[in-house]
Number of protein chains: 2
Amino acid sequence: MGNVTIRILARQLQLSAATVSKALADSHEISGPTKKRVLEMAAALNYTPNPYASSLRRKKSKTIAVILPEVADSFFSQAINGIEAIAQDKGYHVLVCLTHERSQKEQAILHEMLGGRADGILISVTSETSDPACLLELQEKGVPVVFFDRTCDGIDTARVVTDDLQSSYKATDHLIRQGCRKIAFLAIAEGLSISHQRIEGYKQALEDGGIKFSRENIIACTHDAAENLRLLKKIMSRKDRPDGVIASVEKLAVPVYQVCRELGLNIPGDLKVIGFSNLVTAAFLQPALTTVTQPAFEMGRSAASLLFKALGNKNFSLSQQVEVIPSELQVRESTG
Amino acid sequence: MGNVTIRILARQLQLSAATVSKALADSHEISGPTKKRVLEMAAALNYTPNPYASSLRRKKSKTIAVILPEVADSFFSQAINGIEAIAQDKGYHVLVCLTHERSQKEQAILHEMLGGRADGILISVTSETSDPACLLELQEKGVPVVFFDRTCDGIDTARVVTDDLQSSYKATDHLIRQGCRKIAFLAIAEGLSISHQRIEGYKQALEDGGIKFSRENIIACTHDAAENLRLLKKIMSRKDRPDGVIASVEKLAVPVYQVCRELGLNIPGDLKVIGFSNLVTAAFLQPALTTVTQPAFEMGRSAASLLFKALGNKNFSLSQQVEVIPSELQVRESTG
DNA sequence: TATTTTTACGAAAACGGTTAAGTAAATAAA
DNA sequence: TTTATTTACTTAACCGTTTTCGTAAAAATA
């Protein structure tokens, strides 16, 4: 009923709460026999320390927050798995906070974090995000912040990304070599660093391939799946429709297939498709999807590792730390 | 630097901490003008309450724990999205804890929860789980527990599941009608309630279809993907290989495709396939996969709703609450 | 006017674990 | 033997918020 606290434990043992606390922490101040008694009694009474009392006093929560737009696609799922694996290993808990791509929500979550709910932050920003004010504040308060995948300018801290520019270049280049002359680039919010980088890679490849870049081939998609479908349908119905398309984030790949099916367009005959994607099913799609496969799990692990380095060692600076984990172009039928 | 606490706020305002606390909570004891002053000053100093101090004092954490085997497949991803949506709406935080299908890890996590880290628990148990002791303890301590999808016997609390038996029956029946006579059932741990139910549905459909049930058609898969592949390959290489297969959990569907491709088996010609799956790509696979689509998002939402009902109303009993959200058989080419 | 009630606030004690500072006893050093 | 040190604890303060209880002053009631 009344939870068993450290004082109750202490009373049972005829010891002070301080002694019990230290014994549980395996302090050198406590004798072996006493430690043993304490451990045994703790087990017998099924004592579990109150994490909040501990957090309050020690000013650390043994919790990290993972702030993501969503967890609906494979990329973030895999990343969470990677992060959680490391965190659990370090004895930390993982708070998953979803922003639903709303920068306002993100602000609210970050503001809450100022209260000390988490010792460190892993974040992949929303497509609306631009203002790093809250993150800067957190950083000032000594809460380490690590970006993964989607970063945000204006704040100097560690970022774990993939080689967005290069992989986009490779993807574009591949399409060109396969004969595409009019390549649509499906983008989400252009403000986003990954969008920027990927668009840049696309541009450079076009240039190197002798194709003139045209602004209108950058298709600004939204987060409303239905709307994206409508948009794609419109574009693919035009007489001068693209002969190649790059889906620059995972969620934009499947809709392309969907639209092609509806319009009776053949992939890769009428349209060649590449997706930035972590779908395990990519190889089994009809036709198999050529992907830029991002090392999601690895990125998650790596980001978490950096964060824990900072948490474990106050001298370790996250400044300028950039870890680039390369993506892999996996050529399949959709660009055949 | 030194965090701004409620006392610092109070000093600035020439008020007591108690008054400030009440003002922030919009208590009726505090006058309108004072409340306003407090709110303004709080905003000016960028005050954020320490959640742990609050949790300690109020004995509630405004946090729920979601305990899952993994988050690598679509089912759990979508479920998390559903859960988080509700939780955020109610002002709660979500702690995601992964058990990696290890019952030992699960025990450890649940034991930690005894300390009061979360106000309520949503859990989908591991395939190894059998002993609900920890869950019972939590329940006794007044921590509401809601199962979703994978439940555990021996404890009377709410569970949100899909109609496992019926949907498995329908899937099996469908295969029989399509001409299958030897249907393999790919299962994970048979101890699991969902496995049991799904196998039962399979059995009943066989019986009703006039096909003798054979123990050896229940294929006990593991959580090691490579091993599953080997196992499947062996089975599909036999002369008397199955002419139909039911993948009873999502992660087992793709490997079937993989093995068929390697062995040069045609789906649905040589083998008809149904998967319990939430893959968004199911319709675009080669061939399109017939699925039993589980309402993952809805299940997550529903489970979270039940939990919050219990959290919001101490009189609300989770006992005997069973919510069955039906799955949908979506017939596609793989069983054509 | 005297009394009760209401309003608006403050003092202080929680909540449960940690830790700095202190202390008696035991041991080591001088 | 005396003093210094170490060992193994205890006391009490502290973390920051909430909440119970109290209390002046103001308002309402008698």
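A note on names: the letters A, B, ... follow the listed sequences, proteins ahead of strands, and every chain is numbered from 1.
- Closest to the side chain of Lys59(B), from the set dC9(D), dG16(C), dG16(D), is dG16(C).
- In this structure, Lys60(A) contributes its side chain and Ser54(A) its backbone to no donor-acceptor pair below 3.5 Å.
- Side-chain atoms of Ala18(B) lie closest to dA11(C) of the nucleotides dC9(D), dT10(D), dA11(C).
- Here Leu24(A) lies out of heavy-atom contact (under 4.0 Å) with every strand.
- Residue Tyr47(B) has a polar side-chain atom (N or O) positioned under 4.0 Å from OP1 or OP2 of dT17(D).
- Between dA8(D) and Ser31(A), no contact under 4.0 Å exists linking OP1 or OP2 to a side-chain N or O.
- In this structure, Tyr52(A) atom OH and dG17(C) atom P are separated by 14 Å, rounded to whole Å.
- Nearest-nucleotide positions on DNA chain C for Leu56(A) and Arg7(B) put Arg7(B) closer to the 5' end.
- To the nearest 0.5 Å, the span separating CE on Met113(A) from CD1 on Ile64(A) amounts to 11.0 Å.
- Regarding contacts with the backbone of dC9(D), every side-chain N or O of Ser16(A) stays at 4.0 angstrom or more from both OP1 and OP2.
- With rounding to whole Å, Asp26(B) atom CG is found 15 Å from dA8(C) atom C1'.
- In this structure, CD1 of Ile6(A) is placed 15 Å from C1' of dA12(D), rounded to the nearest angstrom.
- Regarding contacts with the backbone of dT10(D), a side-chain N or O of Thr19(A) is found under 4.0 angstrom from either OP1 or OP2.
- OP1 or OP2 of dT18(C) has at least one side-chain nitrogen or oxygen of Ser21(A) nearer than 4.0 Å.
- Atoms CG and OG1, on Leu13(B) and Thr19(B) in that order, are 10.0 Å from each other to the nearest 0.5 Å.
- Residue-level contact check: Ser55(B) touches neither bases nor backbone, having no heavy atom under 4.0 Å from any strand.
- Atom P of nucleotide dT6(D) and atom CD1 of Ile30(A) are separated by 18 Å, given to the nearest angstrom.
- One side chain, His111(A) or Asn46(B), offers a donor N or O that lies under 3.5 Å from an acceptor on the other.
- With dC21(D), dC9(D), dT18(D) as the candidates, the nucleotide lying closest to the side chain of Lys22(B) is dC21(D).
- Along DNA chain C, the nucleotide nearest to Ala53(B) and the one nearest to Lys35(B) differ in position, and the one closer to the 5' end is contacted by Lys35(B).
- When each of dT18(C), dT17(D), dC21(D) is scored by its nearest atom to the side-chain atoms of Glu29(B), the top-ranked nucleotide is dC21(D).
- Judged by distance alone, the side chain of Asp156(B) and the main-chain N or O of Gln320(B) form a donor-acceptor pair under 3.5 Å.
- At whole-Å resolution of the value, CZ in Arg11(B) and P in dC9(C) are 19 Å apart.
- Side chain of Arg57(A), nearest nucleotide from dT18(D), dT18(C), dG16(C): dT18(C).
- Regarding Lys60(A), its NZ atom lies at a distance of 13 Å from the P atom of dT18(C), rounded to whole Å.
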